[in-house]
Number of protein chains: 2
Amino acid sequence: MRYHTINTRILIGAIGHMCGAQSGVRSISKQTLLRLPMYLDYLKRLEGEDAAHISAPKIAAALGLNEVQVRKDIAAVSSCAGKPKTGFETARLIRDIEAFLGYDSVNEAVLVGAGKLGRALLGYEGFAQFGIRLVAAFDRNADAAAMYGKDAPMILPMEKLTDLCRRMGIHIGIITVPAESAQEVCDLLVSCGVRAIWNFAPTRLYVPEGVLLQNENIASSLAVLSAHLKQSM
Amino acid sequence: MRYHTINTRILIGAIGHMCGAQSGVRSISKQTLLRLPMYLDYLKRLEGEDAAHISAPKIAAALGLNEVQVRKDIAAVSSCAGKPKTGFETARLIRDIEAFLGYDSVNEAVLVGAGKLGRALLGYEGFAQFGIRLVAAFDRNADAAAMYGKDAPMILPMEKLTDLCRRMGIHIGIITVPAESAQEVCDLLVSCGVRAIWNFAPTRLYVPEGVLLQNENIASSLAVLSAHLKQSM
DNA sequence: GGAAAATTGTTAATTTTTTAACATCTGTTT
DNA sequence: AAACAGATGTTAAAAAATTAACAATTTTCC
């Protein structure tokens with residue numbers, strides 16, 4: 001079993017029309033992908049105001065980025081051609097970015113591990129705006145396996161995971177169990193058809209090719225803060 | 001006011017003995033900094049077992065990194081010289097990384113914005129292990145400004161922020177307010193002496209030179225997941 | 001209608017980060 | 001005790017990401 005994650009480029013397969021000898025595969029850098037949500041957020045706030053059009057230099061200035069970078073990022077995900085002196089159509093850009101990110105369709109997700117962090121995520125209501133719906137949470141501990149909140153998803157015992165994931169065709173798994181059991185949970189999720197895993201456990205996971213692993217590391221962020229303070233003392 | 005963040009290198013000033021013409025300033029790349037917590041976690045788990053020594057190739061294999069990269073990272077933060085055929089002393093490495101990251105001393109932090117996400121973070125108990133202690137939370141909404149949980153820090157009205165931060169000499173601020181008010185809160189924190197800001201609001205913040213801004217973006221992570229699913233449909 | 005200003009899109013240069021290559025050192029094993 | 005295997009540390013190459021440079025285009029304002 002080989003470790004697999006997004007390394008440098010994410011290939012976006014374009015089924016259908018291949019023009020000329022071009023293979024029709026668009027490739028986008030991970031860095032660009034990470035910036036897309038920033039653009040999206042900014043554009044949406046903009047739309048609420050007057051601006052029907054927006055230029056790359058404006059976006060760059062507002063977000064503290066380089067202007068060329070913004071243009072390249074836009075070109076990578078949108079066919080929207082900007083007009084000189086005018087810029088890009090705001091609404092169109094939003095549509096294209098959302099479509100690219102898949103926020104326009106809904107993916108259902110399950111969460112495993114209802115400890116502190118897990119329950120915190122369960123309580124987070126922002127998933128919807130990213131096209132993700134948390135349908136259930138699982139925990140080994142039977143005590144925790146009870147209704148939690150009113151609108152929040154149920155916490156179920158681990159035994160029900162396989163069945164539910166298969167029945168509902170779940171594609172996203174969120175892992176918030178301790179490091180020791182993370183790999184085990186990960187394997188279980190993959191065997192149920194999960195194709196993208198968001199790992200909060202501070203450990204390296206191994207997934208088969210074709211499954212995306214995204215590691216979230218609170219510790220890394222804190223390391224940056226902490227190192228800065230250490231330095232500036 | 002100029003935007004400032006860790007750009008590419010973090011300068012670590014070494015007060016004291018400067019050998020030769022060397023200025024005594026160590027510089028470490030941001031990427032390295034983000035990997036340090038991974039090493040730390042791995043090494044600690046290792047220490048629990050048998051291993052008094054560990055080699056760079058082993059670490060690299062376990063964490064899915066390049067072996068040279070690991071050696072360079074170690075060299076950047078530790079004076080611990082590895083012995084050929086043996087590797088590095090595990091305990092010494094742990095000490096050095098923790099010292100470098102400042103996890104050995106405690107920094108106190110405040111959180112502003114006790115909405116869903118803010119309360120989730122308040123409930124998170126992992127801060128201690130990174131040398132961070134959350135001493136108080138603030139919210140504009142007076143209703144929310146009440147005791148929350150038993151061990152969790154208090155939620156106080158915004159009016160008390162300035163006084164508390166100044167009195168306690170707080171250096172870290174965590175922002176979990178909506179985008180609209182994030183800059184205002186940020187400015188307030190900076191004016192109270194906060195020198196590192198962990199921003200969860202999906203917006204660009206401007207801080208004066210010398211203050212570190214670390215943006216946390218859940219949306220960016222989800223973008224990666226979502227784009228992958230979009231592609232592999 | 002024409003000059004000026006602003007913006008696009010692209011190609012080239014720079015910088016940063018990662019990976020490979022290699023010479024050297026240290027335990028271990030026969 | 002000598003050869004070997006497994007490390008280290010460093011220097012060089014490669015790859016990736018960012019930034020600069022510039023020609024081409026479109027609106028605006030006289």
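Below, each value reflects all heavy atoms present in this structure, side chains not excepted, and no hydrogens, waters or symmetry copies. Below, read A as the first sequence line, B as the second, and so on, with proteins coming before strands; counting in each chain starts at 1.
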Enumerate all atom pairs, one protein N or O and one N or O from nucleotides 25-30 of chain D, separated by less than 3.5 Å.
{"from": "dT27(D)", "atom 1": "OP1", "to": "Lys83(A)", "atom 2": "NZ", "distance (Å)": "3.3"}

Practice item. Report yes or no: does Gln183(B) contribute a side-chain atom to a donor-acceptor pair with the main-chain N or O of Tyr206(B) at less than 3.5 Å? Key: yes
Exercise for review: Would you please test Leu229(B) and Leu212(A) for side chain to side chain contact (heavy atoms under 4.5 Å, CB included) and show each step?
Suggested key: CA-CA 9 Å; Leu229(B) 289 176; Leu212(A) 179 82; over 6 Å; no
Exercise for review: Would you mind reading off the distance between Arg35(B) atom CZ and dT19(C) atom C1', rounded to a whole angstrom?
Suggested key: 12 Å
Check your understanding: Given that Leu65(A) and Phe88(B) both sit by DNA chain D, which one's nearest nucleotide is further toward the 5' end?
Key -> Phe88(B)
Detail all sub-3.5 Å separations between protein N/O atoms and N/O atoms belonging to nucleotides 11-14 of chain D.
{"from": "dT11(D)", "atom 1": "O4", "to": "Lys72(B)", "atom 2": "NZ", "distance (Å)": "3.4"}

Review point. Could you state the CG-P distance from Asp73(B) to dT10(D), rounded to the nearest angstrom?
Key: 14 Å
Check your understanding: Between atom CG in Leu34(B) and atom C1' in dT16(C), what is the gap in whole Å?
Key -> 14 Å
**Study point:** side chain to side chain contact (heavy atoms under 4.5 Å, CB included) partners for Ala60(B), two or more places apart
**Key:** Glu67(B), Val70(B)
Check your understanding: Whole Å only: how far is the CZ atom of Arg71(B) from the C1' atom of dT19(C)?
Key -> 12 Å
Check your understanding: Between residues 51-60 of chain B and DNA chain D, which residues have a heavy-atom gap below 4.0 Å?
Key -> Ser55(B), Ala56(B), Pro57(B), Lys58(B)
Check your understanding: Taking atom P of dT18(D) as reference, at what distance in whole Å does atom NZ of Lys30(A) sit?
Key -> 13 Å
Study note, to complete from the structure: residues 90-100 of chain B vs side chain to side chain donor-acceptor pair (under 3.5 Å), sequence neighbours excluded, gives Lys44(B)-Glu98(B), Ser78(B)-Asp96(B), Ser79(B)-Arg92(B)
**Study point:** Atom pair distance, as rounded to whole Å: CD in Glu67(A) and P in dT19(D)
**Key:** 12 Å
**Study point:** Any donor-acceptor N/O pair, His228(B) side chain to Gly210(A) backbone, under 3.5 Å
**Key:** yes
Check your understanding: Is the backbone N or O of Ala201(B) less than 3.5 Å from a side-chain atom of Thr176(B), with the two atoms forming a donor-acceptor pair by type?
Key -> no
Practice item. Before giving the answer on side chain to side chain contact (heavy atoms under 4.5 Å, CB included), spell out for Val211(B) and Val194(B) the whole-Å C-alpha distance, their side-chain angles and the decisive distance to 0.1 Å. Key: CA-CA 8 Å; Val211(B) 173; Val194(B) 162; 5.6 Å; no
Check your understanding: Hey, mind stepping through Asn199(B) and Cys186(B) against side chain to side chain contact (heavy atoms under 4.5 Å, CB included) and telling me if it holds?
Key -> CA-CA 9 Å; Asn199(B) 175 42; Cys186(B) 175; over 6 Å; no
Check your understanding: Within the side chain of Ser181(B), is there an N or O that forms a donor-acceptor pair under 3.5 Å with the backbone of Glu184(B)?
Key -> no
Counting only pairs under 3.5 Å, give me each side-chain donor-acceptor contact of residues 33-42 of chain A, with atom names and distances, residues two or more places apart or in other chains.
{"from": "Arg35(A)", "atom 1": "NE", "to": "Asp73(A)", "atom 2": "OD2", "distance (Å)": "2.7"}
{"from": "Arg35(A)", "atom 1": "NH2", "to": "Asp73(A)", "atom 2": "OD1", "distance (Å)": "3.4"}
{"from": "Arg35(A)", "atom 1": "NH2", "to": "Asp73(A)", "atom 2": "OD2", "distance (Å)": "3.4"}
{"from": "Tyr39(A)", "atom 1": "OH", "to": "Asp73(A)", "atom 2": "OD2", "distance (Å)": "2.5"}
{"from": "Asp41(A)", "atom 1": "OD2", "to": "Arg45(A)", "atom 2": "NE", "distance (Å)": "3.3"}
{"from": "Asp41(A)", "atom 1": "OD2", "to": "Arg45(A)", "atom 2": "NH2", "distance (Å)": "3.0"}

Review point. Roughly, in whole Å, what's the span from CG in Asn66(B) to P in dA15(D)?
Key: 14 Å
Practice item. For Leu121(B) and Phe127(B), run side chain to side chain contact (heavy atoms under 4.5 Å, CB included): C-alpha distance rounded to whole Å, both residues' side-chain angles, the deciding distance at 0.1 Å, then the answer. Key: CA-CA 9 Å; Leu121(B) 281 174; Phe127(B) 290 117; 4.2 Å; yes
Check your understanding: Given atom CD of Gln69(A) and atom P of dG9(C), what is their separation to the nearest angstrom?
Key -> 16 Å
